[in-house]
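Scroll down for the structure; my scribbles are underneath it.
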Amino acid sequence: MSKKYKEFKNPNYAEIGEEILSFWKANGIFEASVNQREGQPTFTFYEGPPSANGTPGIHHVMARTVKDIFCRYKTLKGFQVKRKGGWDTHGLPVELQVEKELGITKEDIGKKITVEEYNQKCREAVMKFKQQWDDLTEQMGYWVDLKDPYITFENSYVETLWFLLKELFDKGLLYKGYTVQPYSPAAGTGLSSHELNQPGTYKMLKDTSIIAQFKVKHSERSAFLFEETSEPVYILAWTTTPWTLPSNCALAVGEKIRYVKVKSFNPYTFEPISVVLAKDLVGKYFSEKAAELPLSDYKAGDKLIPWKITQEFSGKDLLEIRYEQLMPYVTNADLENNAFRVIPGDFVTTEDGTGIVHTASVFGADDFRVAKEAGVPAVMVLDENGKETPLVDKQGRFVKEVSDFALRFVKEEYYSDAERNDPEFKPTDVLIAIKLKQENKAFKVEKYEHSYPHCWRTDKPVLYYPLDSWFIKTTAMKDRLVELNKSINWKPESTGTGRFGNWLENLVDWNLSRSRFWGTPLPIWVSEDGEQKCIGSLMQLKAEIEKSVKAGIMKGNEVDMNHLDLHRPYVDRIILVSDSGKPMNREPDLVDVWFDSGAMPYAQWGLDQEKLARGEKNPFNADFNGAFPADFIAEGVDQTRGWFFTLHALSVMLHDKVAFKNVIANGLVLDKNGNKMSKRLGNAIDPFKTIREFGPDATRWYMIENANPWDNLKFNLDGVQEVQRRFFGTLLNTYSFFALYANLDGFEMQENKTIAVKDRPELDRWILSKLQILIKEVDESFANYDATRAARAIQDFVTDQLSNWYVRLSRKRFWRGNMNADKQAAYETLFECLSVTAQLMSPIAPFFGEWLYKNLHDAQSGQSGASLSVHLTHMVSARSEWIDESLNESMDMAQRISSLIHSLRKKHMIKVRQPLSRVLIPVLNEKTVASIKAVEDIILAEVNVKAIEYIDDTSGVLVKKIKPNFKKLGAQYGPRLKEIGAAISQFGQEDIKRMEKDQGYALTIGTDTFALTLEDVEIMSEDIPGWLVANDGPLTVALDITITDALREEGVARDLVNRIQNLRKDMGLEVQDKIKVSVARGESLIEAALQSNREYICRETQALQLNLVDSLNDGNTIEMDDLQVVLKIEL
RNA sequence: GGGCUUGUAGCUCAGGUGGUUAGAGCGCUACACUGAUAAUGUAGAGGUCCGUGGUUCGAGUCCACGCAGGCCCA
């Protein structure tokens, strides 16, 4: 005896989730899904480590669903898919959180709290929400190994990072340079962008602004500016930081901006000049009133200075023009050769200034970038150690080489209030302005008020200043990075070619330095005169410490050699000895946290000390082999320049390989209105609540089905609900239907004793054919990392084909009579469909898929060969021999014809229960007839009609329609198509007939004749005169709505059946209960209907007796349209 | 300002290589069905396919320029 299929009255999806979860746990299904594939080909997945110092949000469910789907799919396909989890633990967010908790600022570190204590706090804080993350992982069904995760702060992880850094160092890919960063001379420290974004740092400041005149040198390039010009030509550039003018090294112009040369006079020296500036800005500096004044009338000191535009050109024409250094305090051969020229600047606008930007590469971030791109050297001097330094020192004063202003602070705010209040005091900017005016180098000087960043510590203005930084020379490997990226399969493709590809093309070196406390320390020690040592392992560090102790530099008790923590402050206490015997201190910076995560393919395994000692090339623990590179990774698109880049960069630089072969960059999860979710705005969706309410499957399914993962998702709980109702509800109903009747009939699926598919009815063969097509499509979609297409295909199959067509039309087969071949075929077919659906959906909806699979297979006795879990199965492959294209076409036709007939019934207000005698279907070829005949029974049953009659051409009653085949005609006749199309549309029935008879038509338009063939047009039947017809493309259907007495009686009988069934249901009878029906005499039509359809009524209602009686006292009165009847049902 | 991306019905989305009546689901309205019933069927209303130009016999689809939203960067 078979076991029962579980039946459910009100299933709760969240409970299904919990039930399956405990099943997985109890049986170790996840572990088994990995272990059972031991020895099979591996599929490598890298988990991008989340940071557990914040709570997980709904977007994490999205990202992790994507990851989970493909790991589960590949497992189904027979691969072994290990998924090592990980935690990202270093970085600024952790520091900020700790500072907030302790109520301290960075300033306090080392004062109120030691670095040691601070870092200890960070270590604790970073795992603060680990439990929530673990809960989410479990509840959403994300399978990842959290028992043995990699943790980026662990010594073995950091040690591996050091090893990799040393590799880069040894390859010459790690170097010290500088970047231009916000710097506070008053505080003597650089400021992070985070610090700069603190409220209140930007304040209005009144600065002296100068438009300086840069004198153009004569050359071939500049010759055009001197045609018909004898006076000197100057380029005008504006600055609000005059103190940077001695450091000017280039002028930047917009290549597309229009510029003009204006002939006029200097307002301070009154000398005749010609100046170059953006055309749009001429009005700003030259008075409209003076435009008409003749230049020759000008006298020194005139208020109105005449001017005249003498030339116009684009920025491109100005490029490479050289000019005389404006304030030549410092120069050298390199500068003379490569600086003081016009370069392109993408940031140049004509909003203010002159449309030409003064560039001092060491004092501006944009300046630094464009100067570097154009190969312009910086204006620097050598300090006492022979090191290059800028013209402003770290205190914010000019160096002695800037003789006129030596040791003057560049910003007046750096002077004390007392000094500034001295009536004789003049800010440096003003002194510079005076000097330039005198030298005929200033065109305009004025006060300018603008927003300027201030140091939050000292409240003094910041400078943009070159600060030491360590870099990875990614530019050296740019070509390989670009080249190897082309072999990565990006989803979506555009992120790979566009966002990522373009970024690689415009790569700059990777700035590795971070001035922080909690992170991976830079393992580089430097002596005062620049000797460097990079440490690549704990082993090496210990050896170096011993050396240092021996040399008497370290005492040996500074650090605990047995438990050497590689974080600050411990590593800072280590002072090594250089080859020449000098003490070396560690470079104080930490490395960018992105290095941590980008190195996870190696660092997650840690170093194998023996391999390391032997000097092996990849001395990582053994698991590294076979787990590099990754087959698949997935993260948010915001990781493009983050994790995706660091993974790629390190892999290419260290191994000349890609780090991952396939990648999905998913989009953002927004709220339902398309706004970013944020806790502050209160529009964030709680993932736990969502899962509790709708279950994990509906949540996952919705996210995948609704839009491609790489598009932004407008997350709407109504949508989740819809998915739950429409898809899961329908699937559940279908299963419930199956379980109900299978249990009644004691059906058991016996895989080896099934009815051959070829012997099953059309409907079964059709749905199985559809199922095979579904398998193919789903498999292909998953293989192409397109889960959305897979989900939509499964959903369409379940709701449209399986439920709304197959089950609906098959219902009678299940509920009538005893077990027979047809019934068994129906059960077997539906079982197969449900079972396969369970498997196909399981990567996306792992709980429900499991639940469905188990419900189906748990009822099988013993030897079924079914797995304990759907996640341990191998994915079915499509059986092409079950695919029947012509049957698919037939059924498609059946669905369309049925729909047309329903529509006609509706128009004539004839309900489906009323049988009709026939439909007419015009057919123009035999193939269509055969196609419809194959599914004739299905159509007739569905629409309650007795017969289909096929009207072919020979009847002569068909009215036809002709349509030009635009595609074919367009290709052939091009411009004449319009006329030809119009002419064809004018064809009458005679023309169509003639064309069919002659297999063509000679169409004459004007004097031209076109030989049309039958392929140039589409001919279809449109109407049968005298009938009411409905059309759907080439299909036409006419319905005979004559209702004979017999049909009327049958209709009444059906109504009666329906009412009796309702009564049965109201009485709470079971499906299989037999009844006795008594009907009171009354309407003659009902009596007649009863007599002529007695057998039918009994069969349908499970009635053993059906009696007409004279009167019923305790019967039920029933209305059927305009008829009334009294009847009674007894057991 | 730059790179990428999105824009089709009230909402969420489909619409290979251009082909003349632009589709689906939800929602809305009406009707039907009632042993899958917190289902289901049929019909209806609802579109300047973001705009403007261009290529073409023909553009939702291709090109250019804009507009609006999003992400990343500066």
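Proteins come first, then strands; the chains are lettered A, B, ... in the order of their sequence lines, and each starts at number 1.
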field: Under 4.0 Å protein heavy-atom contacts per nucleotide of nucleotides 9-18 of chain B, with B for base, S for backbone only and - for none
entry: ---SSS----
SB check R792(A) D796(A) (cutoff 4.0 Å): no
query: Who are the ring-ring contact (aromatic ring centres under 6.0 Å, His included) partners of F848(A), not counting sequence neighbours?
result: F728(A), W851(A)
- request: Using a heavy-atom cut-off of under 4.0 Å over every strand shown, decide if T640(A) touches base, sugar-phosphate, or nothing.
  value: nothing
task: Mind checking G719(A) for me? I need base, sugar-phosphate or nothing, with any heavy atom below 4.0 Å counting as a touch.
output: nothing
- prompt: Has T495(A) got a side-chain N or O lying under 4.0 Å from the OP1 or OP2 atom of C4(B)?
  reply: no
- prompt: Taking the six-membered ring for Trp, are the ring centroids of F500(A) and F644(A) within less than 6.0 Å of each other?
  reply: no
- prompt: Nearest to the side chain of T734(A), which nucleotide is it out of U21(B), C72(B), A36(B)?
  reply: A36(B)
message: Assuming nearest nucleotide by heavy-atom distance, tell me which of R976(A) and T497(A) is located more 5' along RNA chain B.
response: T497(A)
message: So, using side chain to side chain contact (heavy atoms under 4.5 Å, CB included) as the criterion, who are the partners of A983(A) when residues are at least two apart?
response: L1003(A), I1005(A)
- request: Under the salt bridge (charged side-chain N to carboxylate O under 4.0 Å, His left out) rule, collect the residues that match up with D711(A), sequence neighbours excluded.
  value: none
- request: Using a heavy-atom cut-off of under 4.0 Å over every strand shown, decide if S803(A) touches base, sugar-phosphate, or nothing.
  value: base
All N/O contacts under 3.5 Å from nucleotides 39-43 of chain B to the protein, with atom names and distances to one decimal?
residue	atom	partner	partner atom	Å
A39(B)	O2'	N733(A)	ND2	3.4
G41(B)	OP1	N804(A)	ND2	3.1

message: Which residues pass the salt bridge (charged side-chain N to carboxylate O under 4.0 Å, His left out) test with E942(A), not counting sequence neighbours?
response: R808(A)
Rounded distance in Å between the C1' positions of A22(B) and A9(B): 11 Å
- request: Applying ring-ring contact (aromatic ring centres under 6.0 Å, His included) between F727(A) and each of W701(A), F694(A), F797(A), Y702(A), report the one that passes.
  value: W701(A)
query: When the distance from OH of Y973(A) to C1' of C57(B) is rounded to whole Å, what number comes out?
result: 14 Å
- prompt: Out of U5(B), C71(B), C26(B), which has the shortest distance to the side chain of E722(A)?
  reply: C26(B)
d(CD, E1015(A); P, G19(B)) in whole Å: 20 Å
- prompt: Just checking, any donor-acceptor pair under 3.5 angstrom between side chains of N944(A) and R905(A)?
  reply: no
